[in-house]
Number of protein chains: 2
Amino acid sequence: MSTKRAKLEQREKRIVVAARSVFLKHGFNKAKMSQIADTAELAEGTLYLYYKNKNAIVKAVVADHWQHITGEADRALSASENSFEQLQALAEYHLTMMVKHWRVIELGYVLYYSHSDDAGENSGVDFKRTYAALFDRLIERGQDKGTFAKDLSLPFLRDLFYGTLEYAARTLILHNKPEDIEVNIVQLMNVLRPHLSGETTAQADTDTAVLKRLERAVRKLERLR
Amino acid sequence: MSTKRAKLEQREKRIVVAARSVFLKHGFNKAKMSQIADTAELAEGTLYLYYKNKNAIVKAVVADHWQHITGEADRALSASENSFEQLQALAEYHLTMMVKHWRVIELGYVLYYSHSDDAGENSGVDFKRTYAALFDRLIERGQDKGTFAKDLSLPFLRDLFYGTLEYAARTLILHNKPEDIEVNIVQLMNVLRPHLSGETTAQADTDTAVLKRLERAVRKLERLR
DNA sequence: TTTTCATAATGAGTTTAACTCATATATACA
DNA sequence: TGTATATATGAGTTAAACTCATTATGAAAA
């Protein structure tokens with residue numbers, strides 16, 4: 001029994017591996033089912049015994065990638081206990097990964113934007129969920145430890161974090177400057193640091209406090225003359 | 001002669017209008033050339049006299065949208081002279097537009113991720129260029145006026161700005177909460193403000209140093225009476 | 001007004017590639 | 001070894017983008 005199931009899973013895996021190489025080489029639209037079949041050394045019809053259609057195959061390829069990536073990112077985090085350092089490590093890992101595996105990320109978007117009604121169960125972005133959850137957990141831990149402010153909006157921060165990094169990845173790829181990854185990370189952290197530690201409002205408070213205190217003192221001095 | 005050219009342009013326009021409605025209703029993949037032809041009241045073959053292929057038609061639809069959008073955004077900016085207010089207005093306009101016209105934005109991505117070699121001249125993201133340039137100009141003006149710090153990285157800021165807003169738009173659409181647009185804008189501005197005006201950690205340090213020094217001086221004066 | 005010519009429109013026909021299904025082969029089990 | 005069940009095959013079907021030989025249109029010449 002275990003042999004049978006193992007055999008099936010092995011063949012599924014083989015299709016996914018073949019599909020990835022073909023998709024990466026040609027992109028979704030130009031990748032032909034016949035090529036995938038050839039690469040996997042199977043007949044074209046056999047593919048349809050394992051996956052409903054072409055979309056289902058990319059979905060498997062992309063899901064596989066995000067799952068792998070989640071494991072790696074999790075390990076990258078455990079290198080430090082400090083929440084800021086963890087955040088920086090996640091940002092660094094994420095941006096590096098995006099630049100390196102951009103073609104796979106793209107496949108995910110093709111899937112997402114194809115609006116295939118067959119999608120049914122999951123719409124094709126679910127893999128990202130567990131991955132994105134790493135960020136949420138990190139922030140919440142930081143809040144529990146008192147490193148991060150309590151009044152942060154998690155959804156907004158998540159959008160800021162991943163949105164910025166994705167656009168940064170696109171820019172880096174467009175200008176072919178993978179060496180600028182570090183620069184981007186430093187800047188992102190500079191933007192986030194004061195916000196996360198709640199300095200902004202606190203800072204504004206001290207500013208007005210300084211001003212009021214100064215005004216009082218000056219008025220007193222003027223009266224004394 | 002002007003009549004002839006006008007007639008051709010009018011027909012191009014008619015195709016684009018028909019195509020937009022069909023694409024918006026069904027999405028790129030499920031939109032059929034035959035439907036577009038029907039809607040435009042033309043034969044299918046006629047479409048190909050005006051546009052090379054399906055991709056060329058979406059490209060026209062998307063280009064049309066970004067051009068329109070650029071005009072509107074520019075007008076939204078001219079309401080204020082203050083750089084921070086202009087930035088906020090742009091963010092607000094952009095996010096509102098993204099949420100409202102998400103389907104058109106999506107069409108742009110389908111085009112972008114299709115990797116059609118026929119793309120030739122422009123890769124399909126060029127429309128965005130002039131639009132994104134509004135942001136660059138705004139920042140540079142702010143720097144000239146001394147409102148914004150000089151040592152900002154424009155590419156990074158641009159990625160942060162548009163990346164965050166796009167992800168925020170996705171989140172708003174996903175949870176169907178268009179009323180949260182304002183909340184997102186306020187938060188983005190809170191993050192950007194200190195960074196743009198150059199209030200780095202060093203700044204915060206000097207602030208508290210000033211406060212302490214001032215407190216000492218004032219106490220001394222008060223003791224003197 | 002009629003003829004001519006160039007330009008534009010048409011839709012039946014071609015092509016391509018995803019997907020199906022009747023048939024063939026392998027595998028497990030008695 | 002024989003039979004039943006599961007798995008694999010690839011020729012055949014289908015759908016939709018795109019082509020092209022034919023037809024319509026409309027402006028200028030006769």
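Labels below follow one simple rule: chain letters A, B, ... track the order of the sequence lines, proteins then strands, and each chain is numbered from 1. On a predicted model such as this, the values are computed, not experimentally measured, just so you know.
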Undergrad: Does D:dT7 have OP1 or OP2 under 4.0 Å away from a side-chain N or O of A:Arg11?
TA: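 Looking at the OP1 and OP2 atoms of D:dT7, neither is under 4.0 Å from any side-chain N or O of A:Arg11.
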Undergrad: Using five base pairs at each end, measure the axis-to-axis angle across the helix from C:dT1-D:dA30 to C:dA30-D:dT1 and round it to 10 degrees.
TA: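 For the helix from C:dT1-D:dA30 to C:dA30-D:dT1, the axes at opposite ends meet at about 10°.
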Undergrad: Please give, in whole Å, the distance from D:dG10 P to A:Met33 CE?
TA: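 Answer to the nearest Å: 15 Å.
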Undergrad: I need the CG-P distance between B:Asn55 and D:dA17, as an integer number of Å.
TA: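 For the pair B:Asn55 CG and D:dA17 P, the rounded distance is 11 Å.
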Undergrad: Atom OH of A:Tyr48 and atom C1' of D:dA8: how far apart are they, to the nearest Å?
TA: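 Checked: the OH to C1' distance equals 15 Å.
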Undergrad: Just the rounded figure in Å: distance from P of D:dA17 to CG of A:Asn29.
TA: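 Rounding to the nearest Å, CG of A:Asn29 and P of D:dA17 are 13 Å apart.
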Undergrad: Rounded to whole Å, please give me the gap between CD in B:Gln35 and C1' in D:dA17.
TA: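 In whole Å, D:dA17 C1' lies 13 Å from B:Gln35 CD.
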Undergrad: Dump the pairs, protein N or O against N or O of nucleotides 10-16 of chain C, anything under 3.5 Å, distances to one decimal.
TA:
{"from": "C:dT10", "atom 1": "OP2", "to": "B:Ala43", "atom 2": "N", "distance (Å)": "2.9"}
{"from": "C:dT10", "atom 1": "OP2", "to": "B:Thr46", "atom 2": "OG1", "distance (Å)": "2.6"}

Undergrad: Whole angstroms only, please: what is the CD-P distance between A:Gln10 and D:dT7?
TA: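 Answer to the nearest Å: 14 Å.
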Undergrad: Can you tell me how far C1' of D:dA17 sits from NZ of A:Lys30, to the nearest Å?
TA: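 For the pair A:Lys30 NZ and D:dA17 C1', the rounded distance is 16 Å.
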Undergrad: Look at the aromatic rings of B:Tyr113 and B:Tyr109 and report parallel, tilted or perpendicular, splitting at 30° and 60°.
TA: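 The rings of B:Tyr113 and B:Tyr109 lie parallel, inter-plane angle below 30°.
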Undergrad: After noting the C-alpha distance and the side-chain angles of A:Glu72 and A:Met97, does the key distance pass the side-chain contact (heavy atoms from CB on, under 4.5 Å) rule?
TA: CA-CA 10 Å; A:Glu72 277 204 325; A:Met97 180 279 284; over 6 Å; no
Undergrad: Distance check, rounded to the nearest 0.5 Å: A:Asp64 atom CG versus A:Glu12 atom CD?
TA: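 Interatomic distance, A:Asp64 CG to A:Glu12 CD, rounded to 0.5 Å: 11.0 Å.
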Undergrad: Within the 4.5 Å heavy-atom criterion, are A:Phe148 and A:Ser197 side-chain neighbours or not?
TA: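 In short, these two side chains do not touch, never coming nearer than 4.5 Å.
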